[in-house]
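Below, all heavy atoms of this structure are taken into account, side chains as well, without hydrogens, waters or symmetry copies. Every chain is numbered from 1 and lettered A, B, ... according to where its sequence line falls, protein lines coming before strand lines.
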2 protein chains.
Amino acid sequence: MVQGRRDNPDGRERLVRTAFALFAEKGFDSVTVRDIAAASSVSVGLINHHFGSKDGLREAVDEFFIAQFEDAITDAAPQGLSATQDPAELIDAWIERHAEDWPTIVAYFRRALLEESDWGFSLFQRFYGFVQSTVMRMDAAGQLAPDVDRLWLPFLMMYLELGTMVFDPYIKRVLGRSGYDRELWQRRHRAYMTLIRRGASSRRAGG
Amino acid sequence: MVQGRRDNPDGRERLVRTAFALFAEKGFDSVTVRDIAAASSVSVGLINHHFGSKDGLREAVDEFFIAQFEDAITDAAPQGLSATQDPAELIDAWIERHAEDWPTIVAYFRRALLEESDWGFSLFQRFYGFVQSTVMRMDAAGQLAPDVDRLWLPFLMMYLELGTMVFDPYIKRVLGRSGYDRELWQRRHRAYMTLIRRGASSRRAGG
DNA sequence: ATCGGGACTGAACAATTGTGCAGTATTTCA
DNA sequence: TGAAATACTGCACAATTGTTCAGTCCCGAT
């Protein structure tokens with residue numbers, strides 16, 4: 001009974017899914033309870049019935065987002081075949097699999113980061129913890145150049161990832177398609193790796 | 001008469017300056033005309049008297065921001081002494097000079113970028129044009145490594161700059177002070193230059 | 001002195017938005 | 001089948017917000 005069926009969900013679940021998409025697209029404040037109710041084909045009152053308030057709905061949607069997000073990233077390794085696969089192909093397959101839900105997840109993440117809530121901060125902090133420990137591990141393994149700033153590097157690496165997320169609406173307008181589109185996304189990832197590893201300068205100019 | 005005096009400005013100018021600060025701090029939608037009027041010690045009606053609407057005020061504030069911004073960055077080269085100066089000292093002096101107004105300018109820029117208005121897009125686009133042409137010049141001069149992605153590099157460079165701007169509220173909470181604070185700002189700039197030039201990997205690990 | 005125009009006020013207004021609630025429909029369980 | 005619980009409706013309400021406007025204040029020109 002608690003199990004939401006994707007095909008014919010009840011009012012509560014439809015509210016959460018619709019609100020998730022609307023919040024991701026327009027931001028929490030720009031979406032009215034009437035918008036959500038109409039898009040979910042339920043009445044306004046149902047929101048307060050199930051969630052107490054619009055903020056209550058937000059909490060439920062936040063949880064839904066976390067679940068969606070973890071579903072997506074946990075799914076990194078495909079079922080049967082494993083070590084034999086080419087990493088690039090794995091990424092390709094992953095992108096293929098999440099072509100539908102990933103853009104909304106990213107857009108919601110973006111909104112959460114930009115509204116300066118405590119919750120957004122906790123997302124930022126978690127990501128920071130992850131990147132920073134990765135950098136520290138690299139450092140311990142001697143993989144980091146000695147003159148690299150240990151304080152800023154994690155943030156700069158985050159900016160490269162989060163910038164892709166935050167400024168994607170502008171990428172869409174400049175390049176005509178999302179940076180999360182298959183080919184672009186892959187190119188960006190390679191460009192990111194190259195930049196981190198070797199910088200952008202040619203050998204003779206660098207230094 | 002049109003000249004606004006900083007010491008005792010009239011209602012119109014006080015409205016613009018106050019709204020500038022408030023929009024930068026909270027964002028356009030989160031500031032009410034009553035907030036602005038109260039903080040400016042004028043009545044609500046005066047906003048519509050001078051600017052026609054809240055959106056009219058926004059346009060005036062946008063212009064004010066552009067002027068402030070250009071004032072600040074045009075001021076890069078100090079008056080008398082020039083070529084003899086150490087670049088680091090120049091930057092130091094600049095930061096010193098704009099310690100008061102720069103944070104608000106940055107915060108307003110940030111808001112403008114994050115509200116997905118056409119105006120915000122034009123700011124993004126202008127910045128992109130600048131960075132892209134810089135990259136193209138570097139490329140023409142043979143300063144760019146051959147395997148660097150020419151499409152993404154300008155965006156990644158922008159993300160490093162804009163990320164500093166957009167995520168500064170979180171930097172404040174993680175590090176306890178703004179990334180635009182003198183010493184941090186300088187370190188960040190050096191870390192940025194190092195990353196672009198050589199990447200982060202040590203020689204033996206890189207490649 | 002006074003007349004005119006612009007700066008300025010603040011109460012009133014309409015639109016929007018979140019919430020409360022009384023009532024109805026539907027499901028669940030004995 | 002019947003009754004209680006739960007899902008759901010939709011109108012009414014209060015609060016907020018941008019805007020309007022009739023009127024006041026103040027300064028400069030005649």
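- Reading DNA chain D from its 5' end, the first and the last nucleotide to sit under 4.0 Å from a heavy atom of chain B are D:dT17 to D:dT20.
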Give me the distances for all protein-to-nucleotides 7-9 of chain C N/O pairs that come in under 3.5 Å?
residue : atom : partner : partner atom : Å
C:dA7   : OP2  : B:His49 : NE2          : 3.2
C:dC8   : OP1  : B:Gly11 : N            : 3.4
C:dC8   : OP2  : B:His50 : NE2          : 3.0
C:dT9   : OP2  : B:Ser43 : N            : 2.7
C:dT9   : OP2  : B:Ser43 : OG           : 3.1
C:dT9   : O5'  : B:Ser43 : OG           : 3.4

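- Taking the ring centre of B:Phe28 as origin, the terminal cationic atom of B:Arg58 falls inside the region bounded by 6.0 Å and 45° from the ring axis.
- For the residue pair A:Arg188 and A:Thr164, a side-chain donor N or O sits within less than 3.5 Å of a side-chain acceptor on the partner.
- We find that CZ of A:Phe51 is positioned 13 Å from P of C:dT19, with the value rounded to whole Å.
- With respect to the salt-bridge test (charged N to carboxylate O, under 4.0 angstrom), the residues B:Arg173 and B:Asp168 do not qualify.
- Between B:Arg177 and B:Glu183 there is a salt bridge, with a side-chain nitrogen of the basic residue lying less than 4.0 Å from a carboxylate oxygen of the acidic one.
- Here B:Tyr128 pairs with B:Gln132 under the side chain to side chain donor-acceptor pair (under 3.5 Å) rule; sequence neighbours left out.
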Q.
Run B:Trp102 and B:Trp94 through ring pair (Phe, Tyr, Trp, His ring centres under 6.0 Å) and show every step you take.
A. CA-CA 10 Å; B:Trp102 191 242; B:Trp94 187 92; 5.0 Å; yes

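- Counting only N and O atoms by type, the side chains of A:Thr32 and A:Asp35 include a donor and acceptor under 3.5 Å apart.
- Nearest heavy-atom pair across A:Trp119 and A:Ala112 is CZ3-CB, 3.4 Å.
- Rounded to whole Å, the distance from CZ on A:Arg34 to C1' on C:dT17 is 6 Å.
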